[in-house]
Amino acid sequence: MTSKIVILRSLGILGACFALLCGCSEINDSWEVKGGGFIKYSLNGGDDRTIELEDDDVEIPYIRNHHHYLLITTQAKESDFGDQFNIMVNRPVLGENHPVEGYSWFVKEFSERGFLDVDSSIVHLDQKDDSTWTANLDLYARDCRSDNCSDTLPRIHITGRFRYWIPEEDR
């Protein structure tokens with residue numbers, strides 16, 4: 001009887017170890033290791049939206065390149081709503097940064113590109129180090145949903161949060 005108890009306890013310990021190993025098997029698949037992140041945002045104070053970022057959706061200055069700018073580019077297929085961002089910040093610093101005119105735009109629901117009003121738009125970086133970049137977004141884009149970017153339409157106000165982890169091999 002005692003040998004059966006020992007065997008059952010051993011099987012229980014082995015099962016627990018197996019479950020622990022299986023549970024940790026994807027620990028190195030996280031954004032913090034592989035790179036990537038997200039933009040969580042809302043349009044005109046509406047519902048929250050999220051676009052996940054792959055490691056190649058963001059160019060950090062001097063990481064795998066010789067660029068002095070931050071570039072965030074999403075694809076419409078990555079968004080449940082067909083939204084898309086292209087935000088470029090030249091020589092980013094901690095604090096307030098303005099997007100680069102002509103290179104920064106927003107697409108709402110598969111529409112035409114609505115360029116950002118760079119004088120009113122702010123990318124407020126609060127962390128930029130060798131592993132993580134984060135920023136609050138306060139952006140104003142032209143509304144081009146009717147395939148007509150009329151100046152008479154009110155601007156789309158985009159507020160949100162950007163977070164990106166640099167891939168471990170690039171640190």
Side-chain angles (χ1 to χ4, degrees), residues 17-43 47-142 144 156-171:
C17 289
F18 180 74
L20 182 62
L21 287 173
C22 288
C24 296
S25 68
E26 294 181 9
I27 199 162
N28 289 332
D29 288 342
S30 67
W31 284 326
E32 292 90 341
V33 175
K34 289 177 48 179
F38 57 82
I39 297 177
K40 291 183 186 256
Y41 63 102
S42 68
L43 305 176
D47 293 337
D48 289 338
R49 298 175 177 207
T50 301
I51 298 177
E52 292 189 11
L53 300 168
E54 298 295 323
D55 66 332
D56 59 350
D57 289 340
V58 177
E59 289 186 40
I60 299 293
Y62 305 110
I63 301 288
R64 287 191 256 158
N65 61 53
H66 297 288
H67 304 151
H68 53 269
Y69 56 79
L70 167 67
L71 178 62
I72 305 163
T73 304
T74 67
Q75 305 300 317
K77 64 183 178 188
E78 296 170 337
S79 165
D80 293 338
F81 300 96
D83 296 346
Q84 187 176 357
F85 286 93
N86 197 76
I87 304 169
M88 179 184 274
V89 174
N90 193 24
R91 301 190 191 284
V93 296
L94 288 175
E96 290 188 3
N97 298 269
H98 291 280
V100 175
E101 187 170 10
Y103 291 94
S104 300
W105 44 264
F106 175 70
V107 169
K108 183 174 186 208
E109 299 166 359
F110 300 106
S111 67
E112 294 296 315
R113 291 178 180 175
F115 284 94
L116 297 184
D117 178 353
V118 297
D119 292 331
S120 302
S121 296
I122 301 283
V123 176
H124 188 275
L125 284 167
D126 51 36
Q127 181 178 2
K128 63 179 205 96
D129 55 40
D130 65 343
S131 65
T132 310
W133 282 54
T134 61
N136 289 320
L137 305 175
D138 189 13
L139 311 171
Y140 292 87
R142 294 180 76 186
C144 297
I156 299 171
H157 186 201
I158 306 157
T159 54
R161 185 84 174 142
F162 159 75
R163 187 166 184 93
Y164 180 77
W165 289 272
I166 296 171
E168 195 170 66
E169 70 267 8
D170 292 335
R171 294 180 193 162

If you look only at distance, which donor and acceptor atoms sit under 3.5 Å apart when one is on a side chain in residues 107-114 and the other is two or more places apart or in another chain?
residue: Glu109; atom: OE2; partner: Arg49; partner atom: NH2; Å: 3.4
residue: Ser111; atom: OG; partner: Lys108; partner atom: N; Å: 3.4
residue: Ser111; atom: OG; partner: Lys108; partner atom: O; Å: 2.8

Taking atom [atom1] as the centre, does [X] end up with more than 12 heavy-atom neighbours from other residues, nucleotides or ligands that are less than 6.0 angstrom away?
{"X": "Glu101", "atom1": "CD", "result": "no"}
{"X": "Tyr103", "atom1": "OH", "result": "no"}
{"X": "Asp129", "atom1": "CG", "result": "yes"}

Taking [Y]'s backbone N and O only, do any of them form a donor-acceptor pair with [X]'s side chain (distance below 3.5 Å, no angle check)?
{"X": "Asn136", "Y": "Val123", "value": "no"}
{"X": "His98", "Y": "Val118", "value": "yes"}
{"X": "Asn86", "Y": "Gln84", "value": "no"}

Which heavy atom in [X] sits nearest to a heavy atom in [Y], and how many Å separate them?
{"X": "Val93", "Y": "Glu96", "value": "CG2-O, 4.3 Å"}
{"X": "Pro92", "Y": "Asn97", "value": "CA-OD1, 3.4 Å"}
{"X": "Tyr41", "Y": "Thr50", "value": "CE2-N, 4.2 Å"}
{"X": "Tyr69", "Y": "Asn90", "value": "CB-CA, 4.1 Å"}
{"X": "Ala141", "Y": "Phe106", "value": "CB-CB, 3.9 Å"}
{"X": "Arg171", "Y": "Asp130", "value": "CG-O, 3.2 Å"}

Quick one: are [X] and [Y] in side-chain contact, heavy atoms under 4.5 Å?
{"X": "Leu53", "Y": "Ile39", "value": "yes"}
{"X": "Lys34", "Y": "Pro167", "value": "no"}
{"X": "Trp133", "Y": "Ile166", "value": "yes"}
{"X": "Arg91", "Y": "Val89", "value": "no"}
{"X": "Asp138", "Y": "His157", "value": "yes"}
{"X": "Leu139", "Y": "Ile87", "value": "yes"}

inquiry  = Determine whether Tyr164 and Phe38 satisfy the following criterion, ring pair (Phe, Tyr, Trp, His ring centres under 6.0 Å), listing intermediate values before the conclusion.
reply    = CA-CA 7 Å; Tyr164 180 77; Phe38 57 82; over 10 Å; no
note = salt bridge (charged side-chain N to carboxylate O under 4.0 Å, His left out) pairs touching residues 55-76, sequence neighbours excluded, are Asp55-Arg64, Arg64-Asp170
query = Will you find, in the side chains of Thr134 and Asp126, an N or O donor that is under 3.5 Å from an N or O acceptor?
reply = yes
message = So, using side-chain contact (heavy atoms from CB on, under 4.5 Å) as the criterion, who are the partners of Asp117 when residues are at least two apart?
response = Asp119, Ser120, Tyr140, Arg155
Residues Asp48, Arg161: salt bridge by 4.0 Å N-O rule = no
request  = Could you walk me through whether Leu70 and Ile60 pass the side-chain contact (heavy atoms from CB on, under 4.5 Å) test, one step at a time?
outcome  = CA-CA 5 Å; Leu70 167 67; Ile60 299 293; 3.8 Å; yes
